[in-house]
*Asks:* 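The structure under discussion is supplied below as structure tokens; questions concerning it will follow.
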Amino acid sequence: MAVVILKDGSRREYPQPVTPLQVALDLSKRLAKETVVAKVNGALWDINRVMPEEAELELLDFEDPEARDVYRHSTAHLMAQAVRELYPHVKLAIGPAIEDGFYYDFDLGEPLTPEDLGKIQKRMEELVKEDLPIERMVLSREEAIKLFADMGEDYKVELIKELPADAEISCYRQGDFLDLCAGPHVGSTGRIRAFQLTSVAGAYWRGDENNVMLQRVYGTSFAKQSQLEEHLRLLEEARKRDHRKLGRELDLFSINEAGPGMPFYHPKGVIIWNELLKLWREEHARDGYMEIRTPQILNRRLWEQSGHWDNYAENMYFTEVDDTTFALKPMNCPGAMLWYLTQHRSYRELPLRTAELGLVHRHEQSGVLHGLMRVRAFTQDDAHIFMLPSQIEQEISGVIDLVDRLYKVFGLEYRLEISTRPEKSMGSEEQWEIATQALIRVLENKGIDYKLNPGDGAFYGPKIDFHVRDCLKRSWQCATIQLDFQMPERFDLTYIGEDGQKHRPVMVHRVAYGAIDRFLGILIEHFAGAFPVWLSPVQVKILPIADRHHQYCKELAQRLEAAGIRVEVDLRNEKIGYKIRQAQGEKVPYMLIAGDKEVEAGKAALRTRSEGDVGQVDIAQFQQRVLEEIRTRQLN
RNA sequence: GCUCACGUAGCUCAAACGGUAGAGCGCAUCCUUGGUAAGGAUGAGGUAACCGGUUCAAUCCCGGUCGUGAGCUCCA
């Protein structure tokens, strides 16, 4: 007698133990078809694996995140099976599900080409048609090692040897393909419906560049063909939004090979840059920040004192002048310390909030450079806040509010992470505990969700990071708030307290945009180049129909410019359709078209980027509307 | 930094199995003065990333360097 308790609490009895699939079939054919994997007594369970005599059963379909991972993991196995058949000498490494898909690492001895992917994909489709059952087997450690050693699967043997002593070692078989796997999997290859291999790249065994390079094949899979197509469409859309492509097309910035990772900003890029800073300065002034500027290169001694010489030298640029070594600053903090030290400080003036738009240089590894997202020279919207220990929570809270205000202007989503003490770190256990608790308390008091990253803090203190999501679903760290115990010590910062004695201030480093450069890159992709009016390099483009309207259009432009609107007039000898096409490509938010009718009426025909032809408008009203959108920094 | 691929006009890309290269877009000039996403003609524009080797001859083959891309790794 076996008992199955379903999610809704109902009981079903069977003469002997059954599989989840059997139960699902009893309930409905459709349910059986859509179930990817089961959960039995809280643990994931193959749908064709017999359940214990008493089982709480939950049936998961593709919409469930855990089931989705199982489904994609099974697709990875299917791919491995195809690869094994096509390349019998292959050695398999690992093949997990990842966000949006899966990959499998293969040791083939030679690289795969995109054509190879097509072959593999085709073989996978055939294996799906064969609908091979996927069966689970449990082996003893010795059996497993022998089995995989005989197959020549060195990586699998290595993995087995490292499994904990009490681990149950399981394998999955489909047809004559066998793979080491904790499982679970979908019931048979025929259950995998829509999949696509997407790319191939090198990856090191265990991510260590001292190990052999494997071929990593990426793919993705979905329950329905329509979902797969939608996903591929999104990928294509993301490619179109690539800020490197749009940056060139919209003439915002370029990167010359004379300075890898060091962007050149073109006039239109600088307009956006300056608008970002204008907003930034408004918000910082509102919060009582003072702005400072510190030098680009400073004496080696300073970097020895700050600890960068020991901890960061390999990322720094140096220069030698008059027998003295100088370093190009990779961070702004030492400069801020020297500013603090220019006066005796009283507890009465704390907190001191000093901001600095500092251009820093870091010698990042060549392979990580990526457009504006990973660069070697960038401007941080930095700030250093010097405070009394009792002011920590209030100050951190203030920074969070400031960042939130800024990001809201762009409609950007973000999530927070708190990183705690890493193994290699400085300061007392007590200091760390107090600081970490302060960060946690601030977020909890504000009712903000966060993820805890144990051991991921800076060596000098714990931190809160803001992660923004871009249209490619990549997560970018932008704002960060870091408590620092080291810098005030190393520079012997003090303030005179109420008691007339010297005390050590607490300091936080923080950035809001992070790097202006990266933030601009994110915005380009976020808006797909169609910036809100206040950020648009050209806000209104005026298009005359024929030569005789040029004068009227120039006057119109002058009028709008005088009101503070960025305007361009297209006086080229081209037809109106052509000019519109061009302006649309430049993603200009507003076009004003003037011909005989408009000159006659003293108006202009408005065309918007998103709605097309809107008809004639009164110039004064239009000007009002645009100015209001700029003033309120309205989103599109 | 590592692996693989790539580097031809401002941009997007061709072709030539080794005999110094083309198109479209863009740009300029002219014709056209046209009403809501490409009017026509003509023209300028390339030391084929850089350095070396092989060869009678190299943009093409080989090696190195630099850069770019994807991925890995790194990210105080």
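Everything quoted here is computed from the prediction, not taken from an experiment. Labels below follow one simple rule: chain letters A, B, ... track the order of the sequence lines, proteins then strands, and each chain is numbered from 1.
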*Asks:* Using a heavy-atom cut-off of under 4.0 Å over every strand shown, decide if Arg607(A) touches base, sugar-phosphate, or nothing.
*Replies:* base
*Asks:* Categorize Glu611(A) for me: base, sugar-phosphate, or nothing, with a 4.0 angstrom heavy-atom threshold over every strand shown.
*Replies:* nothing
*Asks:* So, under a plain 3.5 Å distance rule, would you say the side chain of Asn573(A) forms a donor-acceptor pair with the base of G34(B)?
*Replies:* yes
*Asks:* Per the atom types in the model, does the base of G35(B) pair as donor or acceptor with the side chain of Glu598(A) at under 3.5 Å?
*Replies:* yes
*Asks:* Tell me what Arg609(A) touches on the nucleic acid: a base, only sugar-phosphate, or nothing, going by heavy atoms under 4.0 Å.
*Replies:* nothing
*Asks:* Starting the side chain at C-beta, find the nucleotide from G26(B), G35(B), U33(B) nearest to Ala546(A).
*Replies:* U33(B)
*Asks:* By nearest nucleotide on RNA chain B, pick out whichever of His550(A) and Asn311(A) is the more 5' one.
*Replies:* His550(A)
*Asks:* Measure from the side chain of Arg581(A), starting at C-beta and using heavy atoms only, and say which of C27(B), A38(B), U33(B) lies closest.
*Replies:* A38(B)
*Asks:* Closer than 3.5 angstrom, by distance alone: can the side chain of Gln539(A) be matched with the main-chain N or O of Arg566(A) as a donor-acceptor pair?
*Replies:* yes
*Asks:* Quick one: label His370(A) by what it contacts on the DNA or RNA (base, sugar-phosphate, nothing), any heavy atom closer than 4.0 Å.
*Replies:* sugar-phosphate
*Asks:* Only one of Ile516(A), Asp382(A), Ile481(A) forms a side chain to side chain contact (heavy atoms under 4.5 Å, CB included) with Val511(A), so which one is it?
*Replies:* Asp382(A)
*Asks:* What does Gly577(A) touch in the nucleic acid at a heavy-atom separation under 4.0 angstrom: a base, only the sugar-phosphate, or nothing?
*Replies:* sugar-phosphate
*Asks:* Verify whether the ring centers belonging to Phe102(A) and Tyr104(A) lie closer than 6.0 Å.
*Replies:* no
*Asks:* Work out how far the P atom of C17(B) is from that of A21(B), and round it to whole angstrom.
*Replies:* 14 Å
*Asks:* RNA chain B: Ala258(A) or Tyr460(A), which has the more 5' nearest nucleotide?
*Replies:* Ala258(A)
*Asks:* Using only atom types and a distance under 3.5 Å, with no angle test, would you say the side chain of Arg84(A) pairs donor to acceptor with the backbone of Val90(A)?
*Replies:* yes
*Asks:* Just to be sure I understand the rule, does Ala583(A) reach a base, reach only the sugar-phosphate, or reach nothing, if contact means heavy atoms closer than 4.0 Å?
*Replies:* nothing
*Asks:* Just call it for Arg548(A): base, sugar-phosphate, or nothing, with non-hydrogen atoms closer than 4.0 Å on any strand.
*Replies:* sugar-phosphate
*Asks:* Return the nearest nucleotide to the side chain of Val368(A); candidates are A38(B), U36(B), C74(B).
*Replies:* C74(B)
*Asks:* Looking at the side chain of Ile580(A), which of G39(B), U12(B), A37(B) is the nearest nucleotide?
*Replies:* A37(B)
*Asks:* Give Lys597(A) one of three labels, base, sugar-phosphate or nothing, depending on what nucleic acid heavy atoms sit under 4.0 Å from its own.
*Replies:* base
*Asks:* Regarding Ile576(A), tell me which of base, sugar-phosphate or nothing describes its non-hydrogen contacts under 4.0 Å with the strands shown.
*Replies:* sugar-phosphate
*Asks:* Looking only at side-chain atoms of Tyr218(A), point me to the closest of G35(B), A38(B), G71(B).
*Replies:* G71(B)
*Asks:* At 4.0 Å (heavy atoms only), tell me whether Asn315(A) reaches a base, stays on the sugar-phosphate, or touches nothing.
*Replies:* nothing
*Asks:* Would you mind reading off the distance between Lys575(A) atom NZ and G35(B) atom P, rounded to a whole angstrom?
*Replies:* 7 Å
*Asks:* Looking at Arg216(A) and C72(B), is any side-chain donor or acceptor paired with a base atom of the opposite kind under 3.5 Å?
*Replies:* no
*Asks:* Could you let me know what A14(B) is paired to, Watson-Crick or G-U wobble, both distances under 3.5 Å, or none if it's on its own?
*Replies:* none
*Asks:* What I want to find out is whether Lys603(A) reaches Asp618(A) closely enough, with some N-O distance under 4.0 Å, to be called a salt bridge.
*Replies:* no
*Asks:* Would you check if the side chain of Asp517(A) reaches a backbone N or O of Thr379(A) as a donor-acceptor pair within less than 3.5 Å?
*Replies:* yes
*Asks:* Name the closest nucleotide to the Ala605(A) side chain, picking from U36(B), C27(B), G34(B).
*Replies:* U36(B)
*Asks:* For the side chain of Glu257(A), starting at C-beta, report the closest nucleotide among C11(B), U33(B), G67(B).
*Replies:* G67(B)
